[in-house]
Amino acid sequence: MQDEYRTVARAGVHETEVNRSRFLCALAPAATEKEAQHFIASVRKEHADATHNCYAYVIGADAAIQKANDDGEPGGTAGVPMLQMLLRRDMRYVVAVVTRYYGGVKLGAGGLIRAYGGAVGEALDAVGSLTRRRFRLATVTVDHQRAGKVQNDLRSTGREVRDVRYGEAVTIEIGLPDADVEAFRGWLADVTAGTAGFEVGGEAYGDA
């Protein structure tokens, strides 16, 4: 697994104009290929009257799934430069749709490549990005008396509390960098006088 990846901070749309053609780049985070395709379909529906709705997406922290589509523009002049821009910016789990409303001036292959790639680059600048880092999921189990203090201590030391469940005992789900697991185990034993349970689980990604 990659230790970290970058993705878009939020969904957003940014518009540029090149030789009277309007280019609207819609960006969105997408956890799966299905989510990306659903977003593409919604943009195409919204801009059904546009000349072209070209798209590119990258799914997977290791960029395992990459797709691009020119939607009627000359081959390799729209979707591919859009995809290349996403990859150049190290973006993952992201989908981009560039909607073009033709303005009457032909741009030529080079102009199209610059326009589509540039639309994605400008939209990424406008929307912003965030880094997500790999961490280890872990579960802390404490009695009700200690639970409040442990939660406060976790938050005050910058630990990410992902979930809290109350039963016979209190179960607190947290995320830890791999390198911190053993140190955390010692810290937890100290603050709970050795009474807390601690179980290390799988891996996930969270905001860095």
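Quick caveat, the model's predicted, so the values are computed rather than measured. Atom set for the values below is all heavy atoms of this structure, side chains included, hydrogens, waters and symmetry mates excluded.
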Parallel, tilted or perpendicular, as decided by the 30° and 60° cut-offs, for the rings of Tyr5 and Tyr93: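 Judged by the thresholds at 30° and 60°, the geometry between Tyr93 and Tyr5 is tilted.
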
[X] side chain to [Y] backbone, donor-acceptor under 3.5 Å:
X: Thr7; Y: Arg92; value: yes
X: Asp70; Y: Gly79; value: yes
X: Arg6; Y: Arg89; value: yes
X: Arg44; Y: Asn53; value: yes
X: Thr77; Y: Leu112; value: no
X: His52; Y: Asp71; value: yes
X: Ser21; Y: Gly103; value: yes
X: His47; Y: Ser42; value: no

How long is the span from the OH atom in Tyr102 to the CG atom in Leu107, to the nearest 0.5 Å?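 Rounded to the nearest 0.5 Å, the OH-CG separation comes to 7.5 Å.
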
CG-CZ distance between Leu83 and Arg88, expressed to the nearest 0.5 angstrom: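 Separation between the atoms: 10.5 Å.
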
Can you check whether [X] reaches [Y] side chain to side chain, under 4.5 Å on heavy atoms?
X: Val127; Y: His14; value: no
X: Ile65; Y: Tyr57; value: yes
X: Asn69; Y: Lys67; value: no

Can you confirm whether more than 12 heavy atoms, excluding those of His38, are under 6.0 Å from its NE2 atom?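 No.
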
Considering the options Arg159, Arg165, Arg162, which one meets the salt bridge (Lys or Arg N to Asp or Glu O under 4.0 Å) requirement together with Glu173?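 That would be Arg165.
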
Does the separation of the ring centres of Phe198 and Phe184 fall below 6.0 angstrom?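 So the answer is yes for these two rings.
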
Side-chain heavy atoms under 4.5 angstrom apart, residues restricted to Ile, Leu, Val, Met, Phe, Trp, Tyr: same cluster for Met91 and Val58?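 Yes: a chain of side-chain contacts under 4.5 Å links Met91 to Val58.
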
Are Arg146 and Asp153 within salt-bridge range, i.e. N to O under 4.0 Å?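 Salt bridge absent between Arg146 and Asp153.
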
